[in-house]
Amino acid sequence: MTESTRERVLIVIVAAALIGGVLLDLSASGVDAPEPEAIAGERFFERAAFCGRPMADDATSQVTVGTVSPEKAQLAIEPEPDRLFSLRGPAARTIPTEGAAQAVGYRALVSAAVTAQLSAVQGSGAARCSLFASTKWYFPEGSSALGFDERLILYNPFPDEAVARVTLFTPGGEITKAQLTEGVPVPAGETRVVKVNDFVPPEKVLGASVDMGRGRAVAWRASLIDPKEQPAGLQFTLGASATAETWYLPAGSVEDGVDERISLLNPSNQEAIVSLSLVTSEETLQPPRLVDIRLPARTSTRLTLADLVGRRQRNIGGVGVIVTSTNSVGIVAERTLWYDISAVTGTSSEVGGVVTRELWLVPPALLKPVTDTIVVLNPGLKRARVNISLLGPRGPKRPARLQDIVVGPSRRRRLALEGTVAGMVMVESNQPVAVERSATSNRDAAAVLGIPSG
Amino acid sequence: MATRTEPIAEESAGLQESRIPRVLAVVVTHNGRAWLRRSLIGLNSQAYSAMDVLVIDDASKDSRAKPTLRRIAKRHLRRRRWGYVRTPRPLGFGGAINWALSRVRTDADLLLFLHDDAVLEAGSLESMIERISADESTAIVGPKIVAWDDATRLEEVGMAIDSFGYPYKGLEEGEIDLGQHDRATEVFFVTSTCMLVRHDVFRGLRGWDSRLRAFAEDLDLCWRARISGYDVRVEPRAKARHLMALATGERASPFRPTRYFIRRNRLRTIAKNTSGPRLAALIPLYVLLYLTEMLGFVILRQPREILNLSRAFGWNFIALPQTLSERARVQRTRRIPDRRLRRLTVRETTRLRSYVAHQTDRLEEAWGRRAEILARQTKEAQLLGARLKGVPLVLILIAVVLLVLGFRNILFAPPASVGELLPYPDRATALLRTFLSPWRAVGLGQPSPPLPAFALLGVFPIVTLGAVGIAQKVLVLALGIIAMLGVVWLVSGLVDRPSRFAAGVAYAFGAVGYAGTRSGDLTGLVFGAAAPFVLTSMIRLIGWIRPPRWNRGREIARVALGSAVSAAFVPGSLIVYALIAIVLALSRVVVSRADRPLRGLSASMVGLIVGWALLLPWSATWFETGGPFDRLLDPTTGPVHAETFSDHGILSVVLGQTPEYPPLAGIALTMLGVVAVVVSIGQRRRTAIALWGVIVLSGWLIAAIGAGLIPPIVATTVQAGVPASVAFAGLVGLAVSAFRVDLPRRGLGLIHALTLGGTALAAFLLTAGIGPAMLAGAWDPGASSERIKSQPITQVREVLQLEAELEGQFRALWVGEGWSPPEPSVARPIQRYMVTGPRGQVLSDLFENRTGAADATFATVVASVEEGSTDHAGALLGSFNIRFVVLERGRGVSRWLGQRDLALVRLEGDYVMLENENWLPRAGVFDRLSPTLAAVAAANPAATLDPDVTNLVEAEQRTSSRYVAEGVSGPGIALVAEARHPDWDATLEGEQLEPVASGWANGFDIPADLTGRLQIVFRRSPIDLLWVVLVGLGWIVVGGAALSRRPWRGDSSRAVP
């Protein structure tokens, strides 16, 4: 073979290899990397629930802590770490407390809520503890009118100082006050109260948002109400940390002597179009005047249900409300109930829930209730079967009449708890539901949403 | 073998009975016929009558030539009783004497040893005998040694030594004898040129050390005599002329090279005779000294001297048991401590001054020759400069401007922190110390064999005189320049200078440099810089190109050196080189005889094996858990690497798009590659085809990895694309050469048109591809991905460093894939989080192995946070000495923001920074074990509810493997927050502390009654140190051999035209 022939042979070999490679390219499908493996090993379980108080001198309050975990958990109420309790779920325990506290669960998640009673305004209320701190909090309801002592309670559980900027919303738009928008410092581990009335002139409808300029915090609203023409009482609720398109408010009633109002807040820069559905034990109603309500950007509003439903529905009785933003603009909804009947006078307020779950822990709404009810709202299309257990420190009690209760699709059901149940209630369902607890006493009424668990 | 003895023993038996001491003169000759006669005449002229003479022929080659040595002896020793013996083989001066004296019987009182090139002047023997007889303690006496041809010129008046055993004459060069040294002084030793020794002492010392053969045997004998309590003196009235035939090279000796024997014997002499403590102090100094010498020889390009040094070490290493046995015997006779001999030694500086003065003349001579070469090169450069006018000058200026523009994001920005292109640690020697340290302060700490990559990278901050800020820029630019020179060298035997330049530029600005810089693939860049050299040597070994005077051994050394450098960063490069060698050899077989390519292939493989050996002991861990190949071959991590190859294939390689390159420029490379094959002639054409073979191999490799047919042998496409990029650059050089040289030789026709058109189009495409990239500053670290760029990392690092200055050392946890490299690599895999020191991730953090038990525990802590099961991360992380958490903004941040014991200190667009105030110091003494540590160890966060632990004393970190605390008193727990390892050791005032269970860290119990200085150290095995020394020697030897330009013995290898 001559040299040039050898070269040609070599060129042919290289070209053949190239073509072979191209064929491989064309036929290959590539490699997909597997999902990273989960990290093995036991997890360190320790979560705190941050609890607030109405921050009034005459307040009596207690923390109710519950868990569904069968692990034998330890429970500490900080900042008093020597108060260490054991809890094997499902169980709950009620502990008196002063000031803001953290209910810390070791090896198990604990859910907690604060139930408070004020002597000055003859009011009572309950607010959930938060499992997280956030940089934003929203409160659709509020008022700085005469007789209303509106307070935003800001708790900073972190080791760094936080600065909160408070913006107030009315139906006419937002109100900015230099002292509030410049920032309210909340030192590390401390609670600060923003008395809204000190900053704004009387406004009947006054939503609020708390935007943390620095750090994170947990925020509650407490309204100490003692107006001349309305019932006195306490409104106490945990804020919403985010906007959502759908809000569930299981408890509520439209009837004589009970005035239910839905407050809406649109903190976004877009107009929201909102519809409200009323869910009763028998049907879901869609009153025409509760459809496509326009909520301008950065405004809040208050809807009195009795004024917006049809005449025949004005005495409909117990209703749950589902608030939906139909144009996907995030909003926040809160429900206020005003009782002015012989059995009870007072008020309660609760920011709605955004999730449905199959397992709920529901804290007590009042320290000493006369009536105590669990309201289960089933927004789904399947019938839900619900079991209710009463939790004590030593475990659950399962009253027979509260077992295997059926809640129809798009229905709600109100279940009275017999006697005085100071502790937590566990609601188990085979379908995702929303749960709220509502209670009345001689002095006031209160409602508190359940805490999703599991 | 003829051996003959005269009956001198019997005849001289009566000497003992007389009163005057009897002398046996022993003349040893080896190939010394020319001088022996005068030496014997000198002996014969001594008036001292009671002297017999023994001539020992140490197996001279010409002993049977006429007249025979025996006859010469007989002729010149007529009046004396004499003898003649011949050794069966060359035994050296001392060995021959030992051998002869074991075969003859003599009752001489004194032995006079004399070289065959030394002449004792008349009356000298009497003077020496007088001196030795004057004092019972004097065992050895030497004469004044003068020059052979000029008796007024002093050569030696006794010798001194320095601590290292280097001899010192104390004479000026060519010093005239004016009687200035005429004192019968005590000296450390006299040379064996001529020495008179008491026979009984000589016997007591068991004669010469015959293993020394030549050089330093006199020092050894005299030293042993001194240790035994005897004196050594010079008698200035005695005079001997000395030719120094061995030292001047006039004598053909089997004991060469001289420097090898000198070094070898000096080491043995020191090892035998120095006292124990002094020897222990000398050994490390010796190692350092020899390494320095080796480095000097590398710089001076004297590979043989490096070899001599290595051989000397090696010989002593092998002979160590025998040396130790000899040492034990010598030391048993010791009567004099070393300190009493110090008066006879000189300072190293004295000897060094003398040495420097002596060597200056030699250097001047050598530099004179170099100056000529330099002048010639300068003249050439001036001529080139003179030619640079007009258009070429403008073009060069434009190129410089474009270069600066293209690299502006490297040159004028803070040190990049992208991928593996990380900043240097703070101190100039930090990487070298990391290399030498048995414990690496990376992550939670880990034991590690010395990583050669750190030694190589550690050179740059020293080059920049400690300016670590610019070390990274120098590194990147140096890699570019080295890469360019490598490709210039690749084609240097085939093409003219402009073509070489074109090839070099094409590579320096090619796909590997482009993609490697943008993705921060430092290991790929190093591989890219080393690969042209390895490829060139393999091409030469296999026979594709063989320039004149090429040398197989040198090319193997180059393969070894280049492959070791690239495998220090990319272990898989060894496999890539092996595949290339196979392809080159097989394709060479097609165009030539089979034997030569296969021999070249074997030689290449030998080079690669040596390259692997140079990386020991690290290279032995490649397949261990967490090792480089374990990551690549593991079924979970391997596909992560392979997935990055999926977007590439043989087509993208052939079109110049792999790993990443402006598309137009890539196509231009392909076109020039075709031009190189079509237009080139002869060897250039064949080489072009071979280079295409390399490109196709590279394409196959990438395609097969991308298709999942083979596991990824290299981690990134940048690394896999290196061979193709080198080959393309070589093709560019060949294409330019073809255009300039081969095309004019071809007849005008279609090929002209096609070539002109193709070349013009390729030039246009290159300009259109590279030009905009340069204007856009495309060589920008981090430009290839959306990951977090260097700027935020620099910001965080500044904050952390400031805190470290105020509060001491701590760790930082970086959470988020944004901090990871754009592509996973072996040196720096993509991970959800990383643990660093206050400097953030730096170069010394590369090759972290996160497979230890401590890492697993830490992973569960992080998972607990990210899965939302804890909001008390500060306490848990604090037990790992973590003070700051740096989070990439995005999903998962809220979990971290919800940690109730982490303070939010910075909230930026790219990142969030949290501070943990509940962090344990890196090392210290505590009143009891920290509850957070107990919580982590028991996986029970409730344990943190215990009251706080008290930090009694904080320990200072002296090195990554050593912590010290003063004024510690028990009881307590000493704790060092480094991953638990049994080799961590703690002592308090010398008292060993017992380890205690302390979770992931290392804890030690301090008893109540102990007080003093606490030291916590990671023990280093002496074997590790030995490895470092041996491998260091290996690098020096291979480096010296590879970089040598001197002609080798094998330089006669035939060049391939």
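Numbers restart at 1 for each chain; the letters A, B, ... are given by sequence-line order, proteins then strands.
Contact tally against chain A (heavy-atom pairs below 4.5 Å) for B:G682, B:A863, B:S869, B:P639: the top residue is B:S869. If you tally non-hydrogen atom pairs under 4.5 Å between each of B:T637, B:L902, B:L709 and chain A, the highest count goes to B:L902. Taking A:Q74, A:R107, A:E42 one by one and counting their heavy-atom pairs under 4.5 Å with chain B, the maximum is reached by A:R107. Ranked by heavy-atom pairs under 4.5 Å with chain B, the first of A:P157, A:A48, A:G215 is A:A48. The most heavy-atom pairs under 4.5 Å with chain A, out of B:T636, B:V640, B:L897, B:V654, come from B:L897. The candidate with the highest count of non-hydrogen atom pairs below 4.5 Å against chain A, out of B:I695, B:T857, B:V862, B:D901, is B:D901. Among B:A856, B:A690, B:G868, B:G708, the residue making the largest number of heavy-atom pairs under 4.5 Å with chain A is B:G868. Each of B:V936, B:L907, B:V583 has some count of heavy-atom pairs under 4.5 Å with chain A, and the biggest count is that of B:V936. Chain B forms more heavy-atom pairs under 4.5 Å with one residue of A:F50, A:F44, A:F45 than with any other, namely A:F44.
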What side-chain donor-acceptor pairs closer than 3.5 Å can you find for residues 696-705 of chain B, not counting sequence neighbours?
unit_1 : atom_1 : unit_2 : atom_2 : d
B:S698 : OG     : B:A720 : O      : 3.0
B:W700 : NE1    : A:A17  : O      : 2.7

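Using a 4.5 Å cut-off between heavy atoms, A:A40 contacts chain B through its backbone alone, with no side-chain atom that close. Residue A:E7 touches chain B through both its backbone and its side chain, counting heavy-atom pairs closer than 4.5 Å. For chain A, the nearby part of B:L876 is the side chain; its heavy atoms alone come within less than 4.5 Å. Proximity to chain B involves both the backbone and the side chain of A:I11, based on heavy atoms less than 4.5 angstrom apart. The parts of B:N940 that come within reach of chain A are both its backbone and its side chain, each placing non-hydrogen atoms under 4.5 angstrom from that chain. When heavy atoms are compared at a cutoff of 4.5 Å, A:L18 approaches chain B by way of both its backbone and its side chain. Contact annotation for A:L24: only side-chain heavy atoms (C-beta onward) come within less than 4.5 Å of a heavy atom of chain B. Heavy atoms of B:E867 lying under 4.5 Å from chain A belong exclusively to its side chain. At a 4.5 Å heavy-atom cutoff, B:A873 makes no contact with chain A through either its backbone or its side chain. When heavy atoms are compared at a cutoff of 4.5 Å, A:E37 approaches chain B solely by way of its side chain, counted from C-beta outward. When heavy atoms are compared at a cutoff of 4.5 Å, A:F132 does not approach chain B at all. Interface residue B:R685: only side-chain heavy atoms are found under 4.5 Å from chain A.
Counting only N and O atoms by type, the side chains of B:R850 and B:Q831 include a donor and acceptor under 3.5 Å apart. Under the 3.5 Å distance criterion, with hydrogens and angles disregarded, no donor-acceptor pair is assigned to the side chains of B:T717 and B:T658.
Less than 6.0 angstrom separates the ring centroid of B:F858 from the ring centroid of B:Y833.
A:R43 has no carboxylate O lying under 4.0 Å from a charged side-chain N of B:E866, or vice versa, which leaves the two without a salt bridge. Between A:D211 and A:R165 there is no salt bridge, since none of the side-chain N atoms of the basic residue sits less than 4.0 Å from a carboxylate O of the acidic one. A:R216 has a carboxylate O that lies under 4.0 Å from a charged side-chain N of A:D160, or vice versa, which qualifies the two as a salt bridge. For the pair A:E161 and A:R214, the salt-bridge criterion is met [side-chain N within less than 4.0 Å of a carboxylate O].
A pairwise comparison of heavy atoms in A:A164 and A:V210 identifies CB-CG1, 3.8 Å as the closest pair. Taking every heavy atom of both residues into account, A:L449 and A:R128 meet most closely at O-CD, 3.3 Å. Here the closest heavy-atom approach between residue A:A244 and residue A:V354 is recorded as CB-CG1, 3.5 Å.
Side-chain atoms of B:W1000 come within 3.5 Å of backbone atoms of B:S879 as a donor-acceptor pair (strictly under, hydrogens ignored).
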Practice problem: Mind running side-chain contact (heavy atoms from CB on, under 4.5 Å) on B:E908 and B:R889 for me, showing each step along the way? | Solution: CA-CA 8 Å; B:E908 300 289 342; B:R889 289 290 286 265; 5.8 Å; no
